Amino acid sequence: MDSIAHYKILERVGESRLGEVFRARDTRLGRTVAIKVPPDAVQKNPARRDALLADARAAMALSHPNIALLYEAGDDNGLAFLACEFVPGDPLDRVIAGRPLNPRRAIDLTVQIADALADAHAAEMAHGNLTPEAIVVTPKGSAKILDVGLARWTRADGLSGDEAGDIRALERLFVEMLTGRPPSGDRVAPTILNKSLPAEVDAVALKDYQLAVTFAADVRAVGAILEVRAEAADKSRGGPIPGKPSRSKAPWIAVTLAIVAAIIAAVWRWVR
C-alpha cells in the first residue's frame, strides 16, 4: 500500500484494536500523521463501518494539548481510515516499567491527563479505556491520550465506558506511577507500597472523585507542597539557586487551587 487518499504511506508502525497503524505524510498539509485502517470485520460490515466513522467524526471536535488529535475520518474508494496526530514517544506502561516515577514527574503527568479528561468530559465524551498503553509520553515530557471517544472500538468487550470509569482509571494510573505497580483489590495507601513518597499523596489516592477537574486541582495542590519542600531544601544548601524563580508562593497556590476546584465543581453540577 503506497497511499490512502492524499496520505503517502511511509511505514507500518504496528497494530491496534483499531487496525493497522501507519506513519504517513499528508501531501496537502505537509505534516506527518498516523493512519489507522480498521480490520476487515469493520470494513466489510457497512453498519459497523458507518458507526466507527460517526464516532470518529464526533471525536474530531476535541482539541486539547494532551489529547492526540483526530484529523480525519475518511473513505478512500470504500476503504475506511482514520488520520490522527502522530505522537512520538513511549507508552506510559513502558515509561513506568515496573518502577516508581519521581513523585513530581508523576504529579505533572497526572495533572496533564486529568486536564485532558476534564476537557473531554465537558464535551460529553469519555475515553472509556484509559490504560497506560493508551497514553504516550513524548520526548518533551508531555502526556498524550490516544483514541478518546473510541472506546467501543478499542475495548475487548465493546462497551463505550463513562466519565466515572475514566476517573477511577485515572486514580489507578496515579497510584501506578507513584508505586511502579497497578493497584489491585482494596485501595492501599501509596506510602505503604513506596515509603519514600510524601504523605500527602495518600489523601488523594484514597479519595473517591466525581470530577476530573477536582482531581487535577488536588494533585496540583500536592505538587505545590512538594515545591515548598524543594525550596526549603534549596535554602538548607545555602539559599536559592541564582536566577531560579522563588517558590514562596506555592502554599498560596495550593489553597487557591483548592478553592477554585470547589467553585468549579459546584458550577459544573449546577449547569449539568
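Quantities reported herein were computed from a predicted structural model and do not represent experimental measurements.
Proximity of a side-chain donor or acceptor of N194 to a complementary backbone N or O of L178 within less than 3.5 Å is detected. A side-chain donor-acceptor contact under 3.5 Å links D162 to the backbone of G165. In this structure a side-chain-to-backbone donor-acceptor pair under 3.5 Å is missing from E171 to D208. Side-chain atoms of D76 never come within 3.5 Å of backbone atoms of F81 as a donor-acceptor pair (strictly under, hydrogens ignored).
In this structure, L150 shares a hydrophobic cluster with L18, V42, L52, L53, M60, L70, L82, W153, the cluster being traced through Ile, Leu, Val, Met, Phe, Trp and Tyr side chains under 4.5 angstrom apart. Alongside V87, the hydrophobic cluster contains V136, L146 (criterion: ILVMFWY side chains under 4.5 Å). Summarising the hydrophobic clusters (Ile, Leu, Val, Met, Phe, Trp, Tyr; side-chain heavy atoms under 4.5 Å, direct or chained), the residues clustered with V188 are I192, L193.
Annotation: side-chain contact (heavy atoms from CB on, under 4.5 Å) contacts of P183 (sequence neighbours excluded): R172, V175. Among residues two or more places apart in sequence or in another chain, the ring pair (Phe, Tyr, Trp, His ring centres under 6.0 Å) test is passed with Y209 by F215. When the side-chain contact (heavy atoms from CB on, under 4.5 Å) test is applied to R99, the partners found at least two apart in sequence or on another chain are A97. Listed by chain and residue number, P198, E200, I225, L226 satisfy the side-chain contact (heavy atoms from CB on, under 4.5 Å) test with R229 (two or more places apart in sequence, or in another chain). A search for side-chain contact (heavy atoms from CB on, under 4.5 Å) contacts involving D93 returns P91, P132, E133, not counting sequence neighbours.
Applying the side chain to side chain donor-acceptor pair (under 3.5 Å) rule to pairs touching residues 56-69 yields N66-Q112, sequence neighbours excluded. Pairs passing the salt bridge (charged side-chain N to carboxylate O under 4.0 Å, His left out) check and including a residue from residues 109-119, sequence neighbours excluded, read D115-R220.
Taking the side chain as every heavy atom from C-beta outward, R105 and V137 approach each other to under 4.5 Å. Using a 4.5 Å cut-off on side-chain heavy atoms (C-beta onward), L117 and I145 make contact.
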Name every donor-acceptor pair, under 3.5 Å, that has one atom in a side chain of residues 28-37 and the other anywhere in the protein, sequence neighbours excluded.
unit_1 : atom_1 : unit_2 : atom_2 : d
T32    : OG1    : R25    : NH1    : 3.3
K36    : NZ     : D147   : OD1    : 2.7
K36    : NZ     : D147   : OD2    : 3.4

Side chains of residues 4-11: which donor-acceptor pairs under 3.5 Å do they make with residues two or more places apart or in other chains?
unit_1 : atom_1 : unit_2 : atom_2 : d
Y7     : OH     : E72    : OE1    : 2.5
E11    : OE2    : R23    : NE     : 2.8
E11    : OE2    : R23    : NH2    : 3.3

